[in-house]
Novice: 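Take a look at the following structure, please.
The analysis underlying the following values was restricted to heavy atoms, covering all of them including side chains, and did not include hydrogens, waters or symmetry mates. None of these values were measured; they are calculated from a predicted model.
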Number of protein chains: 2
Amino acid sequence: MIAVSEPNAPSNKNCPHNAAINCTSCRLSAICLPLALAQDEIVQLDEIVQRGRPLQKGQHLYRENDTFTSIFAVRSGAVKAYSVSDSGEEQVTGFYLPGEILGMDGIGHNRYASSALAMEVSAICEIPFANIEDLSGKLPNMQKHFFKLLSQEIVEDQRHITLVSKHTAEERLASLIVSISARNARRNLSPLKFRLPMSRTDIGNFLGLTIETVSRVFGRFAKQGLIEINKKELTVLDIEALKHIAALGH
Amino acid sequence: MIAVSEPNAPSNKNCPHNAAINCTSCRLSAICLPLALAQDEIVQLDEIVQRGRPLQKGQHLYRENDTFTSIFAVRSGAVKAYSVSDSGEEQVTGFYLPGEILGMDGIGHNRYASSALAMEVSAICEIPFANIEDLSGKLPNMQKHFFKLLSQEIVEDQRHITLVSKHTAEERLASLIVSISARNARRNLSPLKFRLPMSRTDIGNFLGLTIETVSRVFGRFAKQGLIEINKKELTVLDIEALKHIAALGH
DNA sequence: ACCGCCAGTTGATCTACGTCAAATAGAACG
DNA sequence: CGTTCTATTTGACGTAGATCAACTGGCGGT
């Protein structure tokens, strides 16, 4: 699925898109799949992980209804998942940042239930699912971790259902900002100053809002001094206020 | 968690709430957990399944934040799962009918992320998760089946996100009716005439609508000759029309 | 440097559904 | 059998956010 790097590609250890690294040396290992594994288990994981050449912005990692083969970890960049219903409308189902795992919606029916698209140049690790099943049979830690991962996605999705079905536009957007901020913090990036990798259209679609409403709410937040926003560059000025809005039930 | 039946309880094989049955003889085995298992594997599953005395209407099977111990299969009756957010509002996250599995949202953080409440007298099978992990390590079929189950719930939840964030009240309600109809068909019950186990309030909450809107849409569907509804007794008169409405993207 | 294009902003109006309020109808209870 | 309580229906009105429309500002291409 992922194109393999040329054998003679330059091997720059400092480039974040570089494929010539392994899980042990990857600086995301603390938050990514190796999280739950012991040293010697990570070695076994490393053997089945495939690291390909970076995806360009706009390229697909996989498409809805493709035969399910692998799950993926984002190493750098940002990916969105979306599905298109019978009736033709698009639904963005998630944004994936470095260290996060996607593709698990394909397990259930052996086909991906969504498409995954790089929102910027992204390096991806591919892990064939057959190997994961195999390894999970041998390593209880691995099995446990995958059960957890899947379950956590269920909980997240249910939270998202609450968000879009019971919360106002301001609460939804505040919630997204807080979520991205927290995920950046986990990766030791600034939780208060970052670039939103997704378009207004994607944000609106994800949150069940129109792009006009997203734009207006950003405007209101800026006017209230909660954020500064310039195109995709976001500075959070009052994270507590945003958390408060996000947690509000009206 | 489930109260065990008295040892001297009468053992009436014909009673659907009866605990004195096993997976092999259970008429739901074709659609429930044993679905993916071989004969001899079902025997192993049987050994870990605990069958308790029926839950009365309004009783909880587990509560949000309880320590996660088991997943559950509905044998008869109907259960709703719901969670209460920080801000205090309730979100119904699912309805579970006989043959369906609930509690998997607890795996991720070792606590249930929702509460489960019997909407009518319900018989429940409890399966301790530690045993499932154990068995999954030994039986690849079992492991595979659980990965699938979890993944399918993710896909369902994502569909539900689309439903509540992009569809009209009529589309949402039609979709629910079609879903329950299909699930009844799977259990060899009439797909066209059945009792809705949940209140209008639950329906509204699940679909992100107020109870007034639910009531009005039921009324409209009845006036259009698509259904007949009397309190909770529903007769579907034109399932194709409902499917068409449910699939519509506006 | 000019053009064309897309992403985003801003404003004016519209509408599906929420909110509030009142009426009705079972079930549950003594 | 009335009485109370709760679930549901029905009606009148209000509103958050959608829709429609016009404008603005980067940015890639030549």
Novice: Please state how far atom CD in B/Glu171 lies from atom P in C/dA16, giving the value in whole angstrom units.
Specialist: 12 Å
Novice: Let me know the distance between CZ of B/Arg172 and P of C/dC17, rounded to the nearest Å.
Specialist: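 In whole Å, C/dC17 P and B/Arg172 CZ are 7 Å from each other.
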Novice: Taking atom P of D/dT19 as reference, at what distance in whole Å does atom NZ of B/Lys166 sit?
Specialist: 11 Å
Novice: Which residue pairs pass the side chain to side chain donor-acceptor pair (under 3.5 Å) test with at least one member in residues 185-194 of chain B, sequence neighbours excluded?
Specialist: B/Asn184-B/Arg187
Novice: When the aromatic ring centroids of A/Phe72 and A/Tyr62 are compared, is their separation below 6.0 Å?
Specialist: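 Yes - the distance between ring centres of A/Phe72 and A/Tyr62 falls below the 6.0 Å cut-off.
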Novice: Kindly say whether, by distance alone, the side chain of A/Arg220 makes a donor-acceptor pair under 3.5 Å with the base of C/dT10?
Specialist: no
Novice: Strictly by modelled atom types, are A/Gln91 and B/Ser165 linked by a side-chain donor-acceptor pair under 3.5 Å?
Specialist: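 Yes, side-chain donor-acceptor contact under 3.5 Å.
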Novice: Check this one for me: any side-chain N or O of B/Thr213 less than 4.0 Å away from OP1 or OP2 of C/dG18?
Specialist: yes
Novice: B/Phe218 CZ to D/dT8 P: how many Å, rounded?
Specialist: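 Those two atoms, CZ and P, are 10 Å apart.
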Novice: side-chain contact (heavy atoms from CB on, under 4.5 Å) with A/His109: which residues, sequence neighbours excluded?
Specialist: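 In terms of side-chain contact (heavy atoms from CB on, under 4.5 Å), with neighbours along the sequence ignored, A/His109 is linked to B/Gln152.
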Novice: Has the side chain of A/Arg195 got a donor or acceptor atom that lies under 3.5 Å from a matching backbone atom of A/Glu233?
Specialist: no
Novice: Sort me out a list of protein N/O and nucleotides 13-15 of chain C N/O pairs below 3.5 Å, or just none if empty.
Specialist:
none

Novice: Only pairs under 3.5 Å count here: list side-chain donor-acceptor contacts from residues 173-180 of chain B, not counting sequence neighbours, and write none if there are none.
Specialist:
from     : atom 1 : to       : atom 2 : distance (Å)
B/Ser179 : OG     : B/Arg183 : NH1    : 3.2

Novice: Using a cut-off of strictly less than 4.0 Å, decide whether A/Thr210 has a side-chain nitrogen or oxygen near OP1 or OP2 of D/dA18.
Specialist: yes
Novice: Any N or O donor-acceptor pair under 3.5 Å from the base of C/dG8 to the side chain of A/Arg216?
Specialist: no
Novice: Which pair of non-hydrogen atoms, one from B/Met104 and one from A/Ser151, has the smallest distance, and what is that distance?
Specialist: O-OG, 2.9 Å
Novice: What N/O pairs connect the protein and nucleotides 22-25 of chain D at under 3.5 Å? Give each pair on its own line.
Specialist:
none

Novice: Give the table of side-chain donor-acceptor pairs shorter than 3.5 Å for residues 208-229 of chain B, with sequence neighbours excluded, one pair per line with atom names and distance.
Specialist:
from     : atom 1 : to       : atom 2 : distance (Å)
B/Thr210 : OG1    : B/Thr213 : N      : 3.3
B/Thr210 : OG1    : B/Thr213 : OG1    : 3.1
B/Arg220 : NH1    : B/Glu170 : OE2    : 2.5

Novice: If I take atom CZ in residue A/Arg200 and atom C1' in nucleotide D/dG26, what distance separates them, rounded to the nearest angstrom?
Specialist: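 After rounding, the reported distance stands at 14 Å.
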Novice: Run the side-chain contact (heavy atoms from CB on, under 4.5 Å) test against A/Ala73 and tell me which residues pass, sequence neighbours left out.
Specialist: A/Cys32, A/Ile101, A/Cys125
Novice: Touch check for B/Ser199, heavy atoms < 4.0 angstrom, all strands: base, sugar-phosphate only, or nothing?
Specialist: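 Here B/Ser199 touches the backbone only, sparing every base.
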Novice: How does protein reach along nucleotides 21-30 of chain C, written 5' to 3' as B (base within reach of a heavy atom under 4.0 Å), S (only sugar-phosphate), or - (no contact)?
Specialist: ----------
Novice: Going by side-chain contact (heavy atoms from CB on, under 4.5 Å), name the residues that satisfy it together with A/Arg111, two or more places apart in sequence or in a different chain.
Specialist: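 A/Arg111 satisfies side-chain contact (heavy atoms from CB on, under 4.5 Å) with A/Asn65, A/Thr67 once adjacent residues are dropped.
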Novice: What is the distance from CG of B/Leu209 to C1' of D/dA16, rounded to the nearest Å?
Specialist: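 Nearest whole value for this atom pair: 15 Å.
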Novice: In whole Å, I'd like the distance from the CD1 atom of A/Ile211 to the P atom of C/dG11.
Specialist: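 It works out to 16 Å between those atoms.
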Novice: Determine all donor-acceptor pairs shorter than 3.5 Å in which one atom belongs to a side chain in residues 153-164 of chain A; sequence neighbours excluded.
Specialist:
from     : atom 1 : to       : atom 2 : distance (Å)
A/His160 : NE2    : A/Phe206 : O      : 3.0
A/Thr162 : OG1    : A/Gln158 : O      : 3.2

Novice: Is the backbone of A/Glu64 close enough, under 3.5 Å, to the side chain of A/Ser114 for a donor and an acceptor to pair up by distance?
Specialist: no
Novice: Begin with the C-alpha distance, continue with both residues' side-chain angles, and end with the deciding distance and a verdict on side chain to side chain donor-acceptor pair (under 3.5 Å) for B/Glu126 and B/Ser70.
Specialist: CA-CA 6 Å; B/Glu126 173 170 1; B/Ser70 305; 2.7 Å; yes
Novice: Is there any salt bridge (Lys or Arg N to Asp or Glu O under 4.0 Å) pair reaching into residues 197-207 of chain B, and which pairs are they, with sequence neighbours excluded?
Specialist: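 Every salt bridge (Lys or Arg N to Asp or Glu O under 4.0 Å) pair that includes a residue of residues 197-207 of chain B, provided the two are not neighbours, is B/Lys80-B/Asp202.
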Novice: Reckon B/Gly204 touches a base, only the sugar-phosphate, or nothing at all at heavy-atom distances under 4.0 Å?
Specialist: nothing
Novice: Need the bend value for the helix from C/dA1-D/dT30 to C/dG30-D/dC1: angle between end axes, 5 pairs each end, nearest 10°.
Specialist: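 Overall, the helix from C/dA1-D/dT30 to C/dG30-D/dC1 bends by 50° from one end axis to the other.
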Novice: Expressed in angstrom and rounded to an integer, what is the separation of B/Glu233 atom CD from D/dA7 atom P?
Specialist: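 These atoms are roughly 18 Å apart.
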